[in-house]
Structure formats: structure tokens, C-alpha cells
Amino acid sequence: MGIETIKRRRSVRTFDGSVVPRETLDLITKFMQAVDNPFGVPVHFALLDADADRLSSPVVVGAKTYIAAKVERQERAEEAFGYSFEKVILYVTSLGLGSVWLAATLDRRAFETAMDLKPGEIMPAASPLGYAADKMSLREKAMRRGMRSDDRAPFDELFFVGDFGHPLSSEDAGAWRVPLEMVRVAPSATNRQPWRVVVQNDAVHFYECKARGYEKSSTGDIQKVDLGIAACHFETALEEVGVKGGFIQADPRIAAPDNCGYVFSYTRKD
Ligand SMILES: Cc1cc2nc3c(=O)[nH]c(=O)nc-3n(C[C@H](O)[C@H](O)[C@H](O)COP(=O)(O)O)c2cc1C
């Protein structure tokens, strides 16, 4: 469940309609109960039955099971949610299962009822769980085309060295190259790729380049969830290449573009 899994993951919205075996669901439940994140905010997961809980999504076909999660409203809730949920997504990908992050196109009321969401909690997203069908629905194909889901912005438009005035090329990124490449391929809401990164020697500073419409009091800031997903991919890759360190709050106070805000940093300790 590392770099290979990150590269293999893609959103799956068209499922073959089969039921995921009990033993597989038990493995996933165990993983969900133990999954952790570096933001110190617990995320509570559940596997839900699509029929029993009357769950649906206008973009999903043939899914019998959903993964959902909720978190208490607080600082770092969205980053924690993104990190932990993506760990689960990578785990189910490693088991050969398909999934897709759903923050907008789901019957939110039905999911929130099934999750027994309390006033102090948010459920930013959920995902179907199942085996991908051989062919994507026409709607899924059209969605992928519309969002250019197979494309990502170039490395040197997302990542910088020293400050935002100096783009970082993949060739010059050294030990950060593969982990940043894994950030680049991460999923994000509407494929907006809001992550920007400034590398300063042993520190890597993450910024959120905000677009309008992704932050609501009912769901939290979905682009901060994207930042949590980026942190998950970044750290998963670093663990595999043997770099040690951790996430901290240490705003370097670099001048950032208007719509970009500092979120967290990773510092190397070896
Ligand atoms: C936080 C988040 C929310 C998303 N919400 C939706 C959604 O509501 N509906 C949907 O069809 N896809 C949703 N997606 C999936 C993205 O559209 C998808 O990740 C992106 O287009 C890139 O495609 P890929 O995942 O196949 O690499 C979401 C992704 C993320 C990370």
C-alpha cells in the first residue's frame, strides 16, 4: 500500500453490482478502526449498506456498499479527514476494490442520517466500495473528460523552491521528487489540484490555493480535505523511500498569491 497503489488508484463510479465478500469487509473494518492521521483529530468510519440505508449517488452505478466517515468540527478536522479517508481508499485499492471520493454528488441527507451526524460533527465526503465494471458508464466517461481527470498541472506550476517566485522542476527536487509526484497525482474535488508547495531545504510548506464554493459550514472546506489527501500521499511515499520526519505548524511567512493560504509543513529529521 505505497507508491504503486497511489499510482494505480483512480476514481471508480461504475461497479459490476457484485457484493464484496464478508471477509474482505471485515478486513476493511479493522483497518478503518485503526487508521490514524498526523493532525491529532479522530475520524470515525463506518461501512454502510446501500439498500438498507437507501443511499445513492447520481453518478454511481452498481454499488452495494459505501464507506462514510465523520469528524468533530474543530481546527484541522478537514485535513485529518482527508488524510485518514485517503489511507482507507489506498487500502481498498490495494485489495483490488474501486472507490470514488464523493463530496457533492451524493444524497447527503441519507448519508448523514445513516451516520447519525450530530450538530457538532461534519461528514465532508463518502465513497462507494465495490468491484469496477468492465466498462465505465457514459456519464462517468463524460465526467472524466469534463474534469480532465487523467491530467494534472505540470510539476513546476504546483511546486516551488525558496518562495513562490521560483518554480521547482522535477529534476531539481532531489529526495522530494517522488513524494511531490505522489501529491501531483492525488485526487482532488473537481480535479482542481489546490495544493501548492514551497520547499526550503529540509522543510516543505503546503498551501491551499482556494477556489470559490468549496467551503460550507455544513461540510467544512473541501479543499482542505484535498490538502489532507496530499499529506497522506506525501508521507506514504516518504515512508517508502525511507525519509523520516513529520508534519508541523510553522508558517514561514512567505509572500503567497492572493488566494493561497498556508496550511502545514513537513520537516525532515534524519
Ligand atoms: C474531496 C473530493 C471530493 C470529490 N467529490 C466528488 C463528487 O462529489 N462527485 C464525483 O463524481 N467525484 C468527486 N471527486 C472525484 C474527483 O472528481 C476526481 O478525484 C478527479 O477528477 C481526478 O480523477 P481521479 O480520481 O480518477 O484521479 C472528489 C474528489 C475529492 C478528492
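Nothing here was measured: the structure is a model prediction, and the numbers come from that model. Numbers here are sequence positions counted from 1.
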Original post:
Ignoring hydrogens and geometry, is there a side-chain-to-backbone donor-acceptor pair from E86 to A230 under 3.5 Å?
Top reply: no
Original post:
Between Y66 and F111, is the gap from one ring center to the other below 6.0 Å?
Top reply: yes
Original post:
Taking all non-hydrogen atoms of both residues, which atom of S127 and which atom of S99 are closest, and how far apart?
Top reply: OG-CB, 3.2 Å
Original post:
With no hydrogens and no angle check, do the side chains of T14 and E140 hold a donor and an acceptor under 3.5 Å apart?
Top reply: yes
Original post:
How about L47 and T29: do any of their side-chain heavy atoms sit closer than 4.5 Å?
Top reply: yes
**OP:** State the CG-OG1 distance between L97 and T65, to the nearest 0.5 angstrom.
**Re:** 9.5 Å
Subject >> Mutual orientation of the aromatic rings belonging to F234 and W176 [parallel < 30°, tilted 30-60°, perpendicular > 60°] >> reply: parallel
Subject >> Over 12 foreign heavy atoms within 6.0 Å of CZ, R152 >> reply: yes
Subject >> Non-hydrogen side-chain atoms of D49 and K64 separated by less than 4.5 Å >> reply: no
**OP:** Could you state whether M136 and V60 fall into the same hydrophobic cluster, counting links through intermediate Ile, Leu, Val, Met, Phe, Trp or Tyr residues with side-chain heavy atoms under 4.5 angstrom apart?
**Re:** no
Original post:
Hey, are E79 and R76 close enough for a salt bridge, meaning a charged N less than 4.0 Å from a carboxylate O?
Top reply: yes
**OP:** Determine, stepwise, if the pair Q249 / F264 fulfils side-chain contact (heavy atoms from CB on, under 4.5 Å).
**Re:** CA-CA 5 Å; Q249 252 349 89; F264 51 73; 3.8 Å; yes
Subject >> Salt-bridge contact K224-D226 (side-chain N to carboxylate O under 4.0 Å) >> reply: no
**OP:** Would you check, one step at a time, whether the test side-chain hydrogen bond (donor to acceptor under 3.5 Å, both in side chains) holds for N201 with R268?
**Re:** CA-CA 9 Å; N201 303 315; R268 188 172 173 163; over 6 Å; no
Original post:
Once you round to the nearest 0.5 Å, how far does CG of L227 lie from CZ of R196?
Top reply: 10.0 Å
Original post:
Do K30 and D26 sit within salt-bridge range, that is, some charged N less than 4.0 Å from a carboxylate O?
Top reply: no
Subject >> Non-hydrogen side-chain atoms of T105 and V59 separated by less than 4.5 Å >> reply: yes
Subject >> Q223 vs W195, side-chain hydrogen bond (donor to acceptor under 3.5 Å, both in side chains): CA-CA, chis, key distance, verdict >> reply: CA-CA 9 Å; Q223 292 192 309; W195 352 270; over 6 Å; no
Original post:
Is it true that R177 and E171 have a side-chain N and a carboxylate O under 4.0 angstrom from each other?
Top reply: no
**OP:** Look at atom NZ of K135 and say whether more than 12 heavy atoms of other residues, nucleotides or ligands are closer to it than 6.0 Å.
**Re:** no
Subject >> Shortest non-hydrogen separation from M115 to M123 and the atoms involved >> reply: CG-SD, 4.1 Å
Original post:
In terms of heavy-atom contacts, does CG of D258 have more than 12 from other residues, nucleotides or ligands at under 6.0 Å?
Top reply: no
**OP:** Measure the spacing between CG of L25 and CE of M32 and express it to the nearest 0.5 Å.
**Re:** 9.0 Å
Original post:
Above 12 or not: heavy atoms from other molecules or residues under 6.0 Å from CZ of R54?
Top reply: no
Subject >> Check: Y262 ring centre within less than 6.0 Å of F206 ring centre >> reply: no
**OP:** Test I28 against V92 for side-chain contact (heavy atoms from CB on, under 4.5 Å), laying out the working first.
**Re:** CA-CA 7 Å; I28 297 167; V92 303; 3.8 Å; yes
**OP:** Go through E181 and R184 one step at a time and tell me if the salt bridge (Lys or Arg N to Asp or Glu O under 4.0 Å) criterion holds.
**Re:** CA-CA 5 Å; E181 213 29 90; R184 195 172 155 258; 2.8 Å; yes
Original post:
Do we see a donor-acceptor contact under 3.5 Å between the side chains of Y214 and T219?
Top reply: no
Original post:
Going only through I, L, V, M, F, W and Y residues with side-chain contacts under 4.5 Å, is there a path from V263 to I229?
Top reply: yes
**OP:** Please report the shortest heavy-atom distance between A256 and Y207, naming the atom on each side.
**Re:** CB-CE2, 4.1 Å
Subject >> Backbone N/O of A103 and side chain of R108: donor-acceptor pair under 3.5 Å >> reply: yes
Subject >> Side chains of P124 and I222 in contact at under 4.5 Å (non-hydrogen atoms) >> reply: yes
Original post:
So F45 and F85, would you call those rings parallel, tilted or perpendicular, with 30° and 60° as cut-offs?
Top reply: tilted
Original post:
Side chains of R13 and S57: closer than 4.5 Å at any heavy-atom pair?
Top reply: no
Original post:
Do the side chains of Y266 and V185 join up, straight or via other hydrophobic residues, at under 4.5 Å, putting them in one cluster?
Top reply: yes
Subject >> Closest non-hydrogen atom pair, A77 against V41 >> reply: CA-CG1, 4.2 Å
Original post:
Is it the case that N37 and S84 place a side-chain donor and acceptor less than 3.5 Å from each other?
Top reply: yes
**OP:** Answer yes if I6 and V204 sit in the same cluster of Ile, Leu, Val, Met, Phe, Trp and Tyr residues linked by side chain heavy atoms under 4.5 Å apart, and no otherwise.
**Re:** yes
Subject >> Nearest heavy-atom neighbours spanning Y131 and P21 >> reply: OH-CD, 3.5 Å
Subject >> Rounded distance (nearest 0.5 Å) linking atom CG of L180 with atom CE of M182 >> reply: 10.0 Å
Original post:
Once you round to the nearest 0.5 Å, how far does CG of D51 lie from OG of S56?
Top reply: 11.0 Å
Subject >> Atom CD of E239: over 12 foreign heavy atoms under 6.0 Å >> reply: yes
Original post:
Aromatic rings Y91 and F31: how do their planes relate, parallel, tilted or perpendicular, breaks at 30° and 60°?
Top reply: parallel
Original post:
Do the side chains of L102 and V100 get nearer than 4.5 Å, heavy atoms only?
Top reply: yes
Original post:
Which word best sums up how the rings of F160 and F164 line up, parallel for under 30°, tilted for 30 to 60°, or perpendicular for over 60°?
Top reply: tilted
Original post:
Any side-chain heavy atom of I89 sitting closer than 4.5 Å to one from R9?
Top reply: yes
**OP:** Kindly indicate whether the side chain of L158, heavy atoms from C-beta on, has any atom under 4.5 Å from the side chain of V197.
**Re:** no
Subject >> N/O donor-acceptor pair under 3.5 Å between T24 side chain and V20 backbone >> reply: no
Subject >> N/O donor-acceptor pair under 3.5 Å between N191 side chain and D151 backbone >> reply: yes
Original post:
Distance from R192 atom CZ to C209 atom SG, nearest 0.5 Å?
Top reply: 9.5 Å
Original post:
Should E121 and K118 count as an ion pair when the cut-off is N to O under 4.0 Å?
Top reply: no
**OP:** Check step by step if side-chain contact (heavy atoms from CB on, under 4.5 Å) holds for T5 and K7.
**Re:** CA-CA 5 Å; T5 309; K7 286 186 182 165; over 6 Å; no
Original post:
What's the shortest heavy-atom distance between S265 and H205, and which atoms?
Top reply: OG-ND1, 2.7 Å
Original post:
Is Q74 atom CD crowded by more than 12 heavy atoms from other residues, nucleotides or ligands, each under 6.0 Å away?
Top reply: yes
Original post:
Can you hop from I67 to F15 via hydrophobic side chains spaced under 4.5 Å?
Top reply: no
**OP:** Carefully, step by step, assess D53 and L48 under the rule side-chain contact (heavy atoms from CB on, under 4.5 Å).
**Re:** CA-CA 7 Å; D53 290 311; L48 304 174; 3.8 Å; yes
**OP:** State whether K210 and D221 are salt-bridged, where the test is any N-O pair (Lys NZ or Arg NE/NH1/NH2 against Asp/Glu carboxylate O) under 4.0 Å.
**Re:** yes
